[in-house]
Amino acid sequence: MTTTLITGATAGIGEATALRLAREQHRLIICGRREERLEVLAQKLLLEGATEVLTCVFDIRDREATSAMLESLPKEWQQIDVLINNAGLAVGLSTLHQGDTDDWERMIDTNIKGLLYVTRIIAPMMTQRNTGHIINVGSIAGREVYPGGNVYCATKHAVDAITKALRIELVEHNIRVTQIAPAATETEFSVVRFKGDEERAGKVYQGFDPLTGNDIADIIAFVISRPPHVNINDLFVTPTAQSTATNIIRKG
Ligand code: 8X3
């Protein structure tokens, strides 16, 4: 039985992945800030086939709350096989010289520091057992930079670097480390980036078929299900209509 912890499980790629892995009968630890959403999702996951579900409500930006929650997991939940560092967000699309420092803090604190806090606690549980799999959700923004992407791109480049470092450091512990780097994926991502402006967010995905949370969830399920001696290091996934961050072929 596989025990999998997913951060940012209340929406988007995280939620789709939780649902996908429930169908593979994983035991799931779902983490997020929004308690009500987590509880509703937990019920759905059990109906979909999850063996057991544990909900953990905390904000990964809060180091103390993250440690308090993850260091006190019930004993029967401490043998985590797969960690999916999915929580992340973009806020704003301003040039750096016009940027909002609060937006930068949110992105840096969630995408880099939060991922580090969670990994610092869960990875030692894996090294103790000499087994495990860490999957970091990166982005096309970790491969290139684009106008207005500045700090978001920097955070996802950091995820790329952290993933590579982890792979080198954890290989002697038989721990698989994978990065999945999606490009345009239609989730709440752009609504968050544009601070609730749904019209502007909708335009990001107009005129082409973007990726969906389910597309990425399928890939994550595939990566996890490889035999133990196979580690997929890195997958960069774009919609067919997209070749670079700024080159998307739109119809109509
Ligand atoms: C992927 C979305 O806006 O960087 O993280 O292409 S974007």
Side-chain angles (χ1 to χ4, degrees), residues 6-17 32 60-61 84-96 98-100 103-116 118 134-164 178-220 223 233-251:
I6 307 176
T7 65
T10 50
I13 292 172
E15 181 181 16
T17 302
I60 63 168
R61 290 177 296 176
I84 304 177
N85 278 315
N86 161 72
L89 78 178
V91 197
L93 193 62
S94 304
T95 57
L96 197 143
Q98 293 166 320
D100 180 330
D103 293 348
W104 301 350
E105 308 268 15
R106 264 183 84 190
M107 292 187 277
I108 292 168
D109 289 353
T110 308
N111 302 1
I112 307 177
K113 290 166 72 180
L115 180 146
L116 289 171
V118 172
I134 297 174
I135 299 175
N136 291 337
V137 178
S139 169
I140 189 172
R143 315 267 158 154
E144 357 172 340
V145 291
Y146 52 84
N150 45 67
V151 174
Y152 176 64
C153 294
T155 66
K156 290 298 184 175
H157 276 71
V159 171
D160 183 51
I162 291 164
T163 309
K164 287 173 180 153
T178 301
Q179 176 177 219
I180 315 277
T185 309
E186 188 167 15
T187 58
E188 288 177 8
F189 177 86
S190 290
V191 179
V192 173
R193 168 170 262 177
F194 299 129
K195 304 177 183 178
D197 183 341
E198 305 219 358
E199 202 184 323
R200 190 170 174 204
K203 287 194 183 130
V204 174
Y205 307 109
Q206 257 170 26
F208 73 108
D209 283 334
L211 300 171
T212 64
N214 287 334
D215 293 326
I216 304 304
D218 275 344
I219 291 166
I220 291 175
V223 163
N233 285 217
D234 208 344
L235 284 172
F236 178 26
V237 191
T238 65
T240 304
Q242 180 174 21
S243 59
T244 69
T246 50
N247 180 232
I248 298 179
I249 303 303
R250 299 175 198 266
K251 296 193 185 89

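Note that ligands are numbered from 1 as they come in the structure, with each ligand's atoms numbered from 1 the same way.
For atom 7 (S) of ligand 1, the nearest protein heavy atom (residue, atom name, distance) is Tyr146 OH, 3.5 Å. Of the protein's non-hydrogen atoms, Ile140 CG2, 3.3 Å is the one closest to atom 6 (O) of ligand 1.
Of all atoms in ligand 1, numbered sequentially from 1 with element shown, those under 4.0 Å from a heavy atom of Ala141 are 4 (O). Near Ser139, meaning under 4.0 Å from one of its heavy atoms, ligand 1 places the atoms 1 (C), 4 (O), 5 (O). Numbered from 1 in the order shown, with element, the atoms of ligand 1 that lie under 4.0 Å from a heavy atom of Pro182 read 1 (C). Taking every heavy atom of Arg193 and a limit of under 4.0 angstrom, the matching atoms of ligand 1 come to 3 (O).
At most 12 non-hydrogen atoms from other residues, nucleotides or ligands lie less than 6.0 angstrom from CG of Asp209. Taking a 6.0 Å sphere around CD of Glu198, one finds it holds 12 or fewer heavy atoms contributed by other residues, nucleotides or ligands.
Judged by the shortest distance from any of its heavy atoms, Lys156 lies outside the 4.0 Å radius around the atoms of ligand 1.
A salt bridge links Asp103 to Lys195: one of the charged nitrogens lies within less than 4.0 Å of a carboxylate oxygen. In summary, Asp160 and Lys156 do not engage in a salt bridge, as defined by a charged side-chain N under 4.0 Å from a carboxylate O.
Rounding to the nearest 0.5 Å gives a distance of 4.5 Å between CG of Asn136 and CG of Asn85.
Between Pro239 and Ala184, the shortest heavy-atom distance links the atoms CG-O, 3.5 Å.
When only interatomic distances are considered, the shortest N/O to N/O separation between Gln242 and ligand 1 does not fall below 3.5 Å.
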